[in-house]
There are 2 protein chains.
Amino acid sequence: MDAATRLSAPATVEEFRDRLAVITDTLPKRLRQCADFIGAHTDRIAVSTVADLAAGADVPPSALMRFCQIMGFTGFSEMQKLFREAYVPGWPDYSTRLRNLKENGAGSPGALVAEFVEAGRLSLEVLAKSLDETALDAAVQLLAKADTVHVVGMRRAFPVAFYMVYVFEKMQVPAMLHDAVGKLDHRYALRPGDAILAITFAPYSEETLTLAQDARDRGLPVVAMTDQLTSPLARQSDAVLTVPEVDFGAFRSLSATIAMALSLAVAVGTARG
Amino acid sequence: MDAATRLSAPATVEEFRDRLAVITDTLPKRLRQCADFIGAHTDRIAVSTVADLAAGADVPPSALMRFCQIMGFTGFSEMQKLFREAYVPGWPDYSTRLRNLKENGAGSPGALVAEFVEAGRLSLEVLAKSLDETALDAAVQLLAKADTVHVVGMRRAFPVAFYMVYVFEKMQVPAMLHDAVGKLDHRYALRPGDAILAITFAPYSEETLTLAQDARDRGLPVVAMTDQLTSPLARQSDAVLTVPEVDFGAFRSLSATIAMALSLAVAVGTARG
DNA sequence: AGCGGAATGGAATAAATATTCCAAAACCGC
DNA sequence: GCGGTTTTGGAATATTTATTCCATTCCGCT
């Protein structure tokens, strides 16, 4: 391989594909095999070893090494890095960044906006990538056939809960917001045929968990919107929607959460006709 | 760990999660950290090294090793194998994924998510470009030197108003939410030295405009968060923050609005020390 | 057929990563 | 506070994995 070919490593998966398409024709036999196999199994690069891929392409490992270099990388590891990072971008040192932000006041308000914008964009992107459509469909089903939808969310989750009820209202879906005004729980408002949508993130709020448990005990379907599949809420729910939000203490951007919530509400509203 | 615990390694990701949920509560500190981090980043296991994950969970590598064994695996490699095999081929990049989601047909929940994600990202992008830093600085100034910050927002703006008060609370800024519960307006709660933050979008809600007007009449500073410089609210305010929100259908994603709100709240909280 | 340059395979080496082990620290029940 | 037990961190080791190098093979050209 000449110097010109080696100069630039693809910086994105897109670029990688382009480059691959361009050079494939010019390669000799073994390297062509590499190119073909890699092209057909791009997704496996992130989780495989040189030996695995070489075996798959039916070439010796050294051939695959050469292939990586021809693609512009210094070696296999560098190529793999591209795919591992593309998988979910930018997760490292986000918490660090935001700790600084919190401590130093992050300079100007304008800089703050930039940070929050970035956090929001990232959250949305990850949501799009990691959305579990099956769970979402299930959630829509459950809520669409309920008589009344009960929505509960406290503290950080409250804006989301409220907004969902607002949208339900607009779409003429019978919905009740459990807001604990005056410390009343409205547990007896849960009637047979109803369903409950519970929203909570770590640290999980007691009231929300209790209400969800209560509903479950009575055999009502529970849909959870939470941060992890292992959250205490998830265990007692019939459908679990996880929302990946870039999170720093009290400051969650809520972008992804609201996108998910709106979609759910609109889908339910539509399904009810 | 006793032999019983070690006997069975989870054979599927499902089993893994169940096991994780069950044992999490029984673990000591460091191992708990592992469990939490792993729970929140299960998707990273397939593409990370022991060192990476350990760093993420903020524990030494050996702790993570122990965690793997407690989960029933012989070591990290075996655990990773599970996730590498379960690795869903092809998480295409963001734009491809969006396209896929939409292909499920307009109106499908997945397609809705795609739309709202796009609307949100677009809004954030526009916000970043069009931010009026002068107005933002002015707003921060006004609110930072107020005794109590009164926040008002109804309907769609209410989630934002609530969230701001929540953050103010966290940052120990005296703030009052005007939520009109029981149709009470708390206009007499506005005291000399206070400031008001009013949030409203077209169609502008009467109560919000009235309260802002009221505050202005008494000479209190009014900060507005609204959709256009020409909104009725803008005319009676001392600082106007416009938020460009891209709507999808009748519903706004609120991404940009919340980014702006958070920034404002944090900036004010910081400025107050 | 014979020459020269490119391509190849495999063995040797380097680097990284996982795993174990043990002394020190923290914790717990008394 | 004290002895026993559990938990922890880190250094030492084992293992896997990437990378290089070079002798050999292949291929096109005259």
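Everything numeric here is computed off the predicted structure, so don't read it as measured data. Protein chains get the first letters and strands the later ones, always in sequence-line order, with residue 1 at the start of each.
Atom CZ of B:F73 is separated from atom C1' of C:dA18 by 15 Å (rounded to the nearest Å). Here C:dT20 presents its P atom at 11 Å from CD of B:E78, a figure rounded to the nearest Å. For the pair A:L64 CG and C:dT8 P, the computed distance is 12 Å after rounding to whole Å. Whole-Å rounding puts the A:K81 NZ to D:dT19 P distance at 12 Å. If you measure from atom CD of B:Q80 to atom C1' of C:dA16, you get 13 Å, rounded to the nearest angstrom. Distance A:M65 CE to D:dT19 C1': 5 Å, rounded to the nearest Å. D:dT17 atom C1' lies 17 Å from atom CD1 of A:I45, rounded to whole Å. Taking atom CZ on A:F67 and atom C1' on C:dT8, their separation rounds to 16 Å, with Å as the unit.
Contact annotation for A:S62: base contact, defined as any heavy-atom pair under 4.0 Å involving a base atom. As judged by a 4.0 angstrom heavy-atom cut-off over every strand, B:S77 is placed among residues touching the sugar-phosphate backbone only.
Terminal axes of the helix from C:dA1-D:dT30 to C:dC30-D:dG1 (five pairs each, C1' rotation axis) are separated by 40°, to the nearest 10°.
Between the CG atom of A:L254 and the CD1 atom of B:I258 there is a distance of 4.5 Å, given to the nearest 0.5 Å. Rounding to the nearest 0.5 Å gives a distance of 5.0 Å between NE2 of A:H150 and NE2 of A:H178. Residue A:R19 holds its CZ atom at 10.5 Å from CD1 of A:I70, rounded to the nearest 0.5 Å.
Note on B:Q69: a side-chain N or O is less than 4.0 Å away from OP1 or OP2 of C:dT20.
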message: Test ring-ring contact (aromatic ring centres under 6.0 Å, His included) on A:F158 and B:F162; report intermediate values, then the result.
response: CA-CA 8 Å; A:F158 182 71; B:F162 177 90; 4.6 Å; yes
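Among D:dT17, D:dT8, C:dT8, the nucleotide with an atom closest to any side-chain atom of A:R66 is C:dT8. Comparing D:dT19, D:dG9, C:dT19 by their nearest atom to the side chain of B:P60 picks out D:dG9.
The two atoms that bring B:I38 and B:L53 nearest to each other are CD1-CD1, 4.2 Å, heavy atoms only. Considering all non-hydrogen atoms of both residues, A:S48 and A:F76 come closest at O-CZ, 3.7 Å.
Non-hydrogen atoms lying under 4.0 Å from DNA chain C are contributed by A:R30, A:L31, all within residues 30-38 of chain A.
A salt bridge does not link A:R32 to A:D36: none of the charged nitrogens lies less than 4.0 Å from a carboxylate oxygen.
Note: B:F73 and B:F16 have tilted aromatic rings, judged against thresholds of 30 and 60 degrees for the angle between ring planes.
Every residue two or more places apart in sequence or in another chain was checked for a ring-ring contact (aromatic ring centres under 6.0 Å, His included) with A:F67, and none qualifies.
In this structure, B:K29 and A:S48 both approach DNA chain D, and ranking their closest nucleotides by distance from the 5' end singles out B:K29.
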